Amino acid sequence: MLRVKVLRGLSDIPAEFGSSGGTVVTIGVFDGVHRGHQLLISQAVQQARELGVPSVVMTFDPHPRTIFAPESSPPQLMPFAQRAEQIAGLGVDYLLVIDFRKEIAGLSPQAYVEEVLVGALHARHVLVGENFTFGADAAGTAQTMLQLCDECGVAVTVVQLLGDDEGHICSTAIRNQLAQGKIADAREYMGRDFAVVAPVERGAGRGGRELGYPTANQYVPESAALPGDGVYAGWFTVIDNGALEGDMEPGVAYPAAISVGTNPTFGDERRSVESYVLDREADLYERLARVEFVAKVRDMVKFDSVDELLENMSRDVTRVREILGA
């Protein structure tokens, strides 16, 4: 259960915000809730506590880019439910979820500040990242926010982007790292293992029936980010409730060899996440599971025979055991 009050749209904002001292607000899509996002949100929570007012994270669902530039919309690092869970874990009081299409599309930067931040949220302090843009055609910048809020008597903190020798920590960089199979780099930027959450579905059935390696198959929307095709070491956890038939338990992370991509040896063109849970067996169909990626083992290869495939799968499992200490 989320430890945050979720507000669905501007009309859901409590009236007492205006009579109880206002709020501290931070704004963003926060895809991935990476270390830079965590810093920004944590600073907002701390500022709110110092002022004795609620902290509000204003975010968007769906992603605004899917509305005004769908052809260039980036794959999402995590669905909204996971974003909300990660944001709640940072101690936020309220999560304001805006449908960009219905509520703020077309607002000028000035109207955005006056109507949303001041008029609706009664913001006393606003925190944004240095690359923040807002308003119609993304005309407003962090500096615009400083100017407009100053005119309204609202304090603004512009938080500098985190970075390293490779560049700034941002969602785009994490997507690129994942696409290249650079799992350790993505984990460093996110502050946690990249994970996929999806129900287990029936695949071709060859893994257990023909090969002796039964896999839990998960399929995610094309709009979701995935690591580049290959074999990975990671952890598999059933996260819904209810007993499992077999020798696994919900809520326990089990070591797994994970294949991402199509199945070129058998001609399966659907891109999937297939997890072979080491040393365990259970009926996982239709259960909701989280797969966390730790390290890449190898690229995806089309083998000439089932025997060659089996030899490589055996080596993959050995390597996974070494990586995870399983």
Side-chain angles (χ1 to χ4, degrees), residues 2-7 10 13-14 17-18 20-61 63-64 77 80 83-98 100 103-104 107-135 138-163 168-172 174 189-191:
L2 287 179
R3 301 177 300 278
V4 64
K5 297 177 182 176
V6 178
L7 308 174
L10 299 177
I13 294 174
F17 279 1
S20 60
T23 63
V24 172
V25 181
T26 187
I27 313 162
V29 175
F30 301 120
D31 186 22
V33 196
H34 57 61
R35 285 173 49 213
H37 296 150
Q38 293 166 32
L39 174 64
L40 179 61
I41 294 170
S42 295
Q43 287 192 12
V45 169
Q46 180 62 33
Q47 182 62 39
R49 289 174 178 168
E50 291 177 4
L51 293 175
V53 300
S55 56
V56 180
V57 169
M58 177 173 159
T59 192
F60 307 93
D61 185 44
H63 193 301
L77 294 172
F80 172 74
R83 274 194 286 148
E85 182 179 354
Q86 292 295 329
I87 290 170
L90 296 170
V92 173
D93 296 309
Y94 291 89
L95 180 62
L96 173 60
V97 186
I98 297 294
F100 187 84
E103 302 201 80
I104 64 172
L107 285 182
S108 68
Q110 183 172 358
Y112 191 110
V113 169
E114 293 178 352
E115 297 177 19
V116 179
L117 298 182
V118 178
L121 287 168
H122 303 278
R124 288 178 57 182
H125 199 130
V126 176
L127 293 90
V128 295
E130 62 178 296
N131 62 343
F132 178 73
T133 60
F134 68 105
T141 64
Q143 293 305 310
T144 309
M145 181 69 75
L146 278 166
Q147 176 187 341
L148 292 174
C149 283
D150 182 64
E151 294 171 0
C152 296
V154 177
V156 173
T157 297
V158 177
V159 178
Q160 291 187 340
L161 300 178
L162 289 179
H168 293 303
I169 294 176
C170 64
S171 299
T172 298
I174 295 170
Y189 276 22
M190 293 186 72

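Quantities reported herein were computed from a predicted structural model and do not represent experimental measurements.
Proximity of L146 to V158: side-chain heavy atoms (C-beta onward) are separated by under 4.5 Å at one or more points. Looking at heavy atoms from C-beta onward, L7 lies out of side-chain contact with L95 at the 4.5 angstrom threshold. You'll find the side chain of F17 reaches within 4.5 Å of the side chain of V56, heavy atoms only. When side chains are defined from C-beta on, I104 does not count as touching E115, because their heavy atoms never get closer than 4.5 Å. Side-chain contact between Q110 and T144: absent, with no pair of heavy atoms (C-beta onward) separated by less than 4.5 Å. Contact check for L96 versus V57: no side-chain heavy atoms found under the 4.5 Å cut-off. Residues V156 and D150 are not in side-chain contact: their nearest non-hydrogen atoms beyond the backbone lie 4.5 Å or more apart.
In terms of modelled atom types and a separation under 3.5 Å, the side chain of H168 and the main chain of C170 share no donor-acceptor contact. The backbone N or O of T141 lies less than 3.5 Å from no partner atom in the side chain of T133, so there is not a single donor-acceptor pair. Listed for the D61 side chain is no donor-acceptor partner under 3.5 Å among the backbone atoms of F80. With Q38 contributing its side chain and M190 its backbone, the two residues share a donor-acceptor pair below 3.5 Å. Looking only at distances, a side-chain donor or acceptor of T59 sits under 3.5 Å from a matching main-chain atom of V29. Side chain of R3 to main chain of V92: no donor-acceptor pair is present (N/O by atom type, distance under 3.5 Å, no hydrogens or angles). Judged by distance alone, the side chain of Q43 and the main-chain N or O of V159 form no donor-acceptor pair under 3.5 Å.
Taking both residues in full, the closest heavy atoms of P14 and Y94 are given as CG-CE2, 4.0 Å, listed atom of the first, atom of the second, then distance. Taking every heavy atom of both residues into account, V53 and G21 meet most closely at CG1-O, 3.4 Å. Counting all heavy atoms, side chain and backbone alike, C152 lies closest to V118 at CB-CG2, 3.9 Å. Residues P109 and G140 approach most closely at CG-N, 3.6 Å, considering heavy atoms. Listed here is the closest heavy atom pair of D31 and S171: O-OG, 2.8 Å. In terms of heavy-atom proximity, A48 sits nearest to V24 at CA-CG2, 3.6 Å.
Atom CD1 of I87 sits about 6.5 Å away from atom CZ of R83, to the nearest 0.5 Å. Taking CD from E114 and CG from L148, the interatomic distance works out to 7.5 Å, rounded to the nearest 0.5 Å. Interatomic distance, L161 CG to I169 CD1, rounded to the nearest 0.5 Å: 9.0 Å. Annotation: the span from H122 atom NE2 to I13 atom CD1 amounts to 8.0 Å, rounded to 0.5 Å. Interatomic distance, I41 CD1 to L127 CG, rounded to the nearest 0.5 Å: 10.5 Å.
The closest side-chain donor-acceptor pair between S55 and D93 falls under 3.5 angstrom. E50 and Q46 are linked by a side-chain donor-acceptor pair at a separation below 3.5 angstrom, with hydrogens and angles left out of the test.
For the side-chain hydrogen bond (donor to acceptor under 3.5 Å, both in side chains) with H125, the lone residue among T26, T157, T23 that qualifies is T157. For the ring-ring contact (aromatic ring centres under 6.0 Å, His included) criterion with H37, the lone passing option out of F132, F30, Y189 is F30.
The 12-atom threshold is exceeded at CD of E130, counting heavy atoms of other residues, nucleotides or ligands nearer than 6.0 Å.
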